[in-house]
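Residue numbering restarts at 1 for every chain, and letters A, B, ... go by the order of the sequence lines. Computed from heavy atoms alone, side chains included, the values below leave out hydrogens, waters and symmetry copies.
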Number of protein chains: 2
Amino acid sequence: MEYTVQKLGKLAGISTRTLRYYDEIGILKPARINSSGYRIYGKKEVDKLQQILFFRELGVSLDNIKNIVTAPSFDGAAALREHREKLLEKRAQLNSLIANVEKTIAVTEGRMKMSDSEKFAGFKQKMIDENEKKYGNEIRDKFGEEAVDQSNAKLMNMTEEEYNAVTKLEQQVKETFALAFATGDPSGELAQKAADFHKKWITFYWNKYSKEAHAGLAQMYVDDERFKAYYDKDQPGTAEFIRDAIRIYTGVKE
Amino acid sequence: MEYTVQKLGKLAGISTRTLRYYDEIGILKPARINSSGYRIYGKKEVDKLQQILFFRELGVSLDNIKNIVTAPSFDGAAALREHREKLLEKRAQLNSLIANVEKTIAVTEGRMKMSDSEKFAGFKQKMIDENEKKYGNEIRDKFGEEAVDQSNAKLMNMTEEEYNAVTKLEQQVKETFALAFATGDPSGELAQKAADFHKKWITFYWNKYSKEAHAGLAQMYVDDERFKAYYDKDQPGTAEFIRDAIRIYTGVKE
DNA sequence: ATACACCTTAACGTAACGTGAAGGTCAATA
DNA sequence: TATTGACCTTCACGTTACGTTAAGGTGTAT
């Protein structure tokens, strides 16, 4: 039995364009081309197409399918296991996406209050994620893997009360430094008060405090472009001001 | 505070290309263009970008984000609820994908036998899905919604034993018709035996049998291109042969 | 003067086809 | 025999959200 594109397409439930595309990318070539240039498929091609569509149903990319169905030595099972990992990852991402979307809906609808502990848990996780994504590498470079993991663990284990405290503290750090910046004096009372807030704030994340680490973090606010951009957002020069204030506060000279 | 593309990009953690693209599609235009043609963003744009990225994180398409952040009257919450539905659908698909992949892995690894009841359940579901996708509309047109739903329900409620029986029967139908086709006589003994197998087979799916419906189904094998393609796969003309045999068997004349 | 870090537009590439457009082939029909 | 009409063919653009050169202008420090 021989098939033209349309016949084979109808048999398999796919379009003729798909068959031409499969020919184009070399995943399924017709058995022969007749004198008019028509693609003619035979029994072997039908079977191969079934295989292709089977894997396609499983969400495998055509590129991978090509390897699976053309190279007889190719380990299809291994490819599928790898594929499974990717799918699981996708699902995990999708789950967290859905959780975030639902959270947002709940908040906008006013069904959930800001102090709601469920939302709180979600926000902590999100905060960790964001921290990791934004600064993860730099912080890891500077303080080592272990310290970051411990910091995250600490954040995860915070109670809601502690979380509220640290959030408030963060706010105070920002505000006080903004006010201090206006004075222009990093050794002034306001700036030193801000540096103290800052110390208390990081103490929530770090399990041990040292003047050196504190001063090091402050220096990073200036050195790392992303930190700097963040702190300089409203007032350019804030990052340097913070570093100077903390240097004075800790007594650590560059 | 004003920003060029790179500064804003670093602040927000995105590339300059992304900012230019957002300008291009009109989702985030710079506050102004300076004398050298540089894009200059202001505070308002920073805030808008934050919004955009927030929704982007939730997996909303830029097209939808555009509506959300540009039209002030646009109902963002409603858009999110719609988005949520899409995500849930995606997850459901992903789940069934993963289940199928795992099933396939298990089978290829020989961990699961063909008679395994878990796999059986999955296959039944897959069979229904495939039937629906391939022939659903045509069958619904001909026999009505209810009949199809009942047929599916019947399939779902089959025991494994029944399932094995129906699978075997299907095999017998195919083989016997193939042999009968070789004789060329639709009224011959073999063809009539095949028609009888076919009757028993469809009885597994239908909750009532009638000669007319049986003959009607047979006619559809010829009329519907996809059925025809399926039955003609190995031997062209098989669909007509089956119809003729069943017409004789049921005694229903066209 | 030159180097270097910025900025610009333009255009291709990505995955897997859908959707025409323009033009040849084949069988049946008026 | 000429003409439909249903096939077939090869381009080639559109889809999403950018990444990635390429070619060329701008700004500033040395």
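Between A:Tyr22 and A:Ile52 the shortest heavy-atom distance is CE1-CG2, 4.1 Å.
For the pair A:Asp23 CG and C:dA16 P, the computed distance is 16 Å after rounding to whole Å. Here the P atom of nucleotide D:dC8 and the CD atom of A:Glu2 are 14 Å apart, to the nearest Å. For the pair A:Arg20 CZ and C:dA15 P, the interatomic distance rounds to 22 Å; values are reported in whole Å. The distance from atom OH of A:Tyr41 to atom P of D:dC7 is 17 Å, rounded to the nearest whole Å. For B:Leu19 and D:dG19, the CG to C1' distance is 14 Å, given to the nearest whole Å. Separating the NZ atom of A:Lys66 from the C1' atom of C:dA16 is a distance of 14 Å, rounded to the nearest angstrom. Separating the CD1 atom of B:Ile33 from the C1' atom of C:dT8 is a distance of 10 Å, rounded to the nearest angstrom. Atom CD1 of A:Ile40 and atom P of D:dC8 are 9 Å apart (whole Å).
Within the 4.5 Å cutoff, side-chain heavy atoms of B:Ile14 are placed close to those of B:Arg56.
Under a cut-off of 6.0 angstrom, the local environment of CD in A:Glu82 is sparse, with at most 12 non-hydrogen atoms contributed by other residues, nucleotides or ligands. Around NZ of A:Lys90, the count of heavy atoms belonging to other residues, nucleotides or ligands within 6.0 Å does not exceed 12. Within a 6.0 Å sphere centred on CD of A:Glu85, other residues, nucleotides and ligands contribute more than 12 heavy atoms. Remark: B:Lys7 NZ is loosely packed, at most 12 non-hydrogen atoms of other residues, nucleotides or ligands lying under 6.0 Å away.
Nearest to the side chain of B:Gln6, among D:dC8, C:dC6, C:dT25, sits C:dC6.
Rounded to 10°, the helix from C:dA1-D:dT30 to C:dA30-D:dT1 has 50° between the axis fitted to its first five pairs and the one fitted to its last five.
B:Arg39 comes within contact range of the sugar-phosphate backbone alone, with a heavy-atom separation under 4.0 Å but no base atom that close.
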One character per nucleotide, please: for nucleotides 13-18 of chain D, 5' to 3', B when the base has a protein heavy atom closer than 4.0 Å, S when only the sugar-phosphate does, - otherwise. ----BB

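Taking 3.5 Å as the limit, the base of C:dG24 and the side chain of A:Tyr38 contain a donor-acceptor pair of atoms between them.
By the side-chain hydrogen bond (donor to acceptor under 3.5 Å, both in side chains) test, A:Gln235 pairs with no residue at all, sequence neighbours left out.
Counting only distance, with no hydrogens or angles, the side chain of B:Ser36 and the backbone of B:Tyr38 share no donor-acceptor pair below 3.5 Å.
Put simply, B:Thr4 has a side-chain N or O that comes within less than 4.0 Å of OP1 or OP2 on C:dC7.
Classified by interplanar angle (parallel below 30°, tilted 30° to 60°, perpendicular above 60°), the ring pair B:His198/B:His214 is parallel.
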